[in-house]
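Since the structure comes first, as structure tokens, the remarks are kept for the end.
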There are 2 protein chains.
Amino acid sequence: MRELSRIFKALSDKNRIRIIKMLQCKPMCVCELAEVLGLAMSTVSKHLTILRDVELINDLKDGKWVDYSLSRSSRTVYARELLRSMSKWLNEDDAVKADIRKAGKVSRKGICG
Amino acid sequence: MRELSRIFKALSDKNRIRIIKMLQCKPMCVCELAEVLGLAMSTVSKHLTILRDVELINDLKDGKWVDYSLSRSSRTVYARELLRSMSKWLNEDDAVKADIRKAGKVSRKGICG
DNA sequence: TATATAATTCGTCATATAACGAAATGACAG
DNA sequence: CTGTCATTTCGTTATATGACGAATTATATA
């Protein structure tokens with residue numbers, strides 16, 4: 001029960017939904033996500049921790065970057081099924097489409113600084 | 001997007017999940033739910049309003065009672081699909097089973113007062 | 001009509017959440 | 001080994017949330 005409510009809570013934030021929808025297209029690092037979302041990196045990092053804690057996403061170190069991607073084999077059926085549903089939803093949403101378009105243009109090289 | 005995040009938020013509370021799982025078995029009024037949950041009626045009423053606002057549940061006046069039941073034809077695909085998932089989840093959860101057992105015993109006659 | 005009961009609304013409180021910038025950490029490049 | 005850049009952690013602030021009891025509303029019954 002606690003596990004399920006935590007996953008729903010993780011998905012209940014607009015910016016975290018935007019992150020999920022972007023990661024559905026490709027893995028991204030914190031600074032790229034922060035750039036597209038228009039949020040501080042520390043804020044995005046926090047959001048990613050929340051999503052990772054419920055196994056909706058995974059992180060993979062790539063040099064000084066950390067690539068986040070959708071979890072392909074979460075421990076819980078909740079995460080697996082909700083990610084499957086999410087992949088069908090919001091694909092025609094204007095905000096989501098705009099995010100994905102921007103995400104295709106950002107380059108991790110020299111975003112920070 | 002706002003609609004989806006609101007539904008997830010509605011489902012992100014432990015007590016609201018307990019309500020959904022009880023209503024999965026049968027319609028119930030506020031005082032019955034409050035009795036099983038061990039919460040004040042005003043608190044339960046608030047929870048029910050939140051669930052109703054996202055069309056996860058319906059209310060039906062029955063004399064001085066208000067019967068709440070799971071929504072069978074929500075406007076959004078989100079509510080329909082999430083309710084379908086929820087119906088498969090937590091059926092073996094001890095807390096949920098205890099709630100449902102208690103729910104079978106409470107009688108709306110003279111709970112309040 | 002007057003009263004009791006179910007439900008909702010209102011006011012309040014404690015806690016949780018999301019945001020930021022600054023400071024700390026980790027990893028590569030020189 | 002030192003500096004730089006990506007990330008995380010920390011401290012703070014404003015707002016949202018969930019809880020309660022009291023007051024209010026609505027409905028049935030005495």
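We name chains A, B, ... by the order of the sequence lines, and we start the count at 1 in each one.
Along DNA chain C, the nucleotide closest to A:D62 and the one closest to A:R16 are compared, and the more 5′ of them pairs with A:R16. Residue whose closest nucleotide on DNA chain D sits further toward the 5' end, between A:D59 and B:D13: A:D59.
Using bins of under 30°, 30° to 60° and over 60° for the plane-to-plane angle, the ring pair A:Y78/B:W89 lands in the perpendicular bin.
With rounding to whole Å, B:K9 atom NZ is found 11 Å from C:dA16 atom C1'. At whole-Å resolution of the value, NZ in B:K14 and P in C:dA16 are 15 Å apart. Rounded to whole Å, the distance from CG on B:L39 to P on C:dT8 is 15 Å. Going from atom CG of B:L60 over to atom P of C:dA7 covers 12 Å, rounded to whole Å. What separates NZ of B:K64 from P of C:dT3 is a distance of 16 Å, to the nearest Å. Distance CG (B:L37) to C1' (C:dA7): 16 Å, rounded to an integer number of Å. Distance, B:E35 CD to C:dA7 P: 12 Å, rounded to whole Å. If you take CD1 of A:I19 and C1' of C:dA18, they are 12 Å apart, rounded to a whole angstrom.
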Throw together a table of side-chain donor-acceptor distances under 3.5 angstrom for residues 44-53 of chain B, partners on residues two or more places apart or in other chains.
from: B:H47; atom 1: ND1; to: B:R16; atom 2: NH1; distance (Å): 3.1
from: B:T49; atom 1: OG1; to: B:S45; atom 2: O; distance (Å): 3.0
from: B:R52; atom 1: NH1; to: B:D59; atom 2: OD2; distance (Å): 2.9

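For the pair B:L83 and B:I20, the minimum side-chain heavy-atom distance is below 4.5 Å. Using a 4.5 Å heavy-atom threshold, the side chains of B:R72 and B:N58 count as separate. A 4.5 Å side-chain heavy-atom check between A:E32 and A:W65 finds every atom pair outside the cut-off. B:D67 places a side-chain heavy atom less than 4.5 Å from the side chain of B:C29.
Only A:S42, A:S45, listed by number, bring a heavy atom of residues 42-54 of chain A to less than 4.0 angstrom from any atom of DNA chain D.
Here B:E35 does not pair with B:K102 in a salt bridge; the nearest charged N to carboxylate O distance is not below 4.0 Å.
Note on the helix from C:dT1-D:dA30 to C:dG30-D:dC1: angle between the axes of the first and last five pairs equals 10°, rounded to 10 degrees.
Comparing D:dG18, D:dT7, D:dA26 by their nearest atom to the side chain of A:W65 picks out D:dT7. Nearest nucleotide to the side chain of A:V66, out of D:dT8, C:dG26, D:dA19: D:dT8. When distances run from any side-chain atom of A:M41 to the nucleotides C:dA6, D:dA6, C:dA27, the shortest one goes to D:dA6. Comparing atom distances between the A:V30 side chain and each of D:dT7, D:dG18, C:dA7 picks out D:dT7 as nearest.
Of the residues B:M28, B:R18, B:M41, the one that meets the side chain to side chain contact (heavy atoms under 4.5 Å, CB included) test with B:L33 is B:M28.
Dense packing is recorded around NZ of B:K88, with more than 12 heavy atoms of other residues, nucleotides or ligands lying under 6.0 Å away.
Within the 4.0 Å cut-off from OP1 or OP2 of D:dA6, not a single side-chain nitrogen or oxygen of A:Y68 is found.
Proximity of a side-chain donor or acceptor of A:D13 to a complementary backbone N or O of A:K9 within less than 3.5 Å is not detected.
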